[in-house]
Protein chains: 2
Amino acid sequence: MDNINNPHCDRQSECGNIELCESCVYHTDVIEHAKGNMPDDEVLYDLAEIFRVFGDTTRIKILWLLFSDEMCVCDMAELLNMNQSAISHQLRLLRNARLVRSRRDGKQVFYSLDDEHVREIFDKGLAHIQERR
Amino acid sequence: MDNINNPHCDRQSECGNIELCESCVYHTDVIEHAKGNMPDDEVLYDLAEIFRVFGDTTRIKILWLLFSDEMCVCDMAELLNMNQSAISHQLRLLRNARLVRSRRDGKQVFYSLDDEHVREIFDKGLAHIQERR
DNA sequence: TTAACATATGAATAGATGTACATATGTTTA
DNA sequence: TAAACATATGTACATCTATTCATATGTTAA
């Protein structure tokens, strides 16, 4: 790995932080490699957004419930001992992220997992936390 | 699926919300099945926590950078055009979640992915957002 | 139609979170 | 030793988020 002490940073024009560019030691090969392969900001934003939706205990519990069966809002609220409104708000986030879908049956609305990715993402997360115990 | 209109809820003693219990239509078989298989709250909390760490654009970018190579804090700050302090704070969260590890080499600290789960979780998330396009 | 019910949603609020600034810690070099 | 540097961390603050309350929407049954 090149270790270049670089007081005259050749990427200075692209860099908002002049102080940093004038003082920092760069590994330019590593930087160039990473820069070349960086996905679009939009993709990385969407990716973070999906995980953000997984990143809440209430929503994780809802997803868990839906692994067993489709389920109506009322049953989820009962099982999680939470306000119906709170559940509905969280279901909207899950719906927008296409992690769950809904079907109406009379007065009730039944939710189920939208696709198998949900279970796969869930399981990979579980594998991680279980390994580190 | 049983659909029991149940004004005298038999789980009323366990239920904090009396109004809900007196009015709601339950699917008791679904509820009992889900209740029996529910993991510990602690596991579900830890799981949400892991995804919460993935659920930020800056941290997602950092993880992406580490797929290519190990990398020092300075290079990450340069590449992401961000404050060194901001990167360090995020690295601490990633370290605490055991998603990255660090090694010191002189004045610099190099970060790398802690295990393969990180890449797998990342890829599953990517598969989800790419499929829905 | 009206009443009762299940769900959705807007507004408000308390708490969580990401970043910047200042500064501390740890390492190397002079 | 002191100075320079890379990183870590405490604090403050602006923004975001989860929940609650009140209420709207949509469905069924009387």
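Keep in mind that this is a model prediction, so the values were computed, not measured.
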Quick one: side chain to side chain donor-acceptor pair (under 3.5 Å) partners of [X], sequence neighbours excluded?
X: Arg92(B); answer: none
X: Ser68(A); answer: none
X: Ser102(B); answer: none
X: Arg104(A); answer: none

ask   = Quantified as the angle between the terminal helix axes (five pairs each), what is the overall bend of the helix from dT1(C)-dA30(D) to dA30(C)-dT1(D) to 10 degrees?
value = 20°
Under 3.5 Å, which donor-acceptor pairs do the side chains of residues 53-62 of chain B form with other protein atoms, sequence neighbours left out?
| residue | atom | partner | partner atom | Å |
| --- | --- | --- | --- | --- |
| Asp56(B) | OD2 | Thr58(B) | N | 3.0 |
| Asp56(B) | OD2 | Arg59(B) | N | 3.2 |
| Arg59(B) | NE | Val53(B) | O | 2.6 |
| Arg59(B) | NH1 | Gln90(B) | OE1 | 2.7 |
| Arg59(B) | NH2 | Arg52(B) | O | 3.1 |

Between [atom2] on [N] and [atom1] on [X], what's the gap in Å once rounded to a whole number?
X: Gln108(A); N: dA4(C); atom1: CD; atom2: P; value: 19 Å
X: Tyr45(A); N: dG18(C); atom1: OH; atom2: C1'; value: 13 Å
X: Asn96(A); N: dT17(D); atom1: CG; atom2: P; value: 13 Å
X: Asn83(B); N: dT19(C); atom1: CG; atom2: P; value: 10 Å
X: Phe110(B); N: dA6(D); atom1: CZ; atom2: P; value: 11 Å
X: Leu80(B); N: dG18(C); atom1: CG; atom2: C1'; value: 14 Å
X: Lys107(B); N: dT27(C); atom1: NZ; atom2: P; value: 12 Å
X: Gln90(A); N: dT7(C); atom1: CD; atom2: C1'; value: 15 Å

message = Strictly under 4.0 angstrom, non-hydrogen atoms only: write out the protein contact profile of nucleotides 8-17 of chain C, one letter per nucleotide from the 5' end, B, S or -.
response = BBBB-----S
key: hydrophobic_cluster_shared for Val100(A) and Phe67(A), side chain cutoff 4.5 Å   = yes
key: Shared hydrophobic cluster for Leu44(B) and Leu126(A) (ILVMFWY, side-chain gaps under 4.5 Å)   = yes
task = Could you list the residues that satisfy side chain to side chain contact (heavy atoms under 4.5 Å, CB included) with Arg101(A), not counting sequence neighbours?
result = Ser112(A), Asp114(A)
query = Taking for each residue the nucleotide of DNA chain D with the nearest heavy atom, is it Gly55(A) or Gly106(A) whose nucleotide lies nearer the 5' end?
reply = Gly55(A)
inquiry  = Taking salt bridge (Lys or Arg N to Asp or Glu O under 4.0 Å) as the definition, give me every residue that meets it alongside Arg119(B), ordered by chain and number, with sequence neighbours left out.
reply    = Glu116(B)
N/O (side chain, Thr58(A)) to phosphate O (OP1/OP2, dA18(D)) under 4.0 Å = no
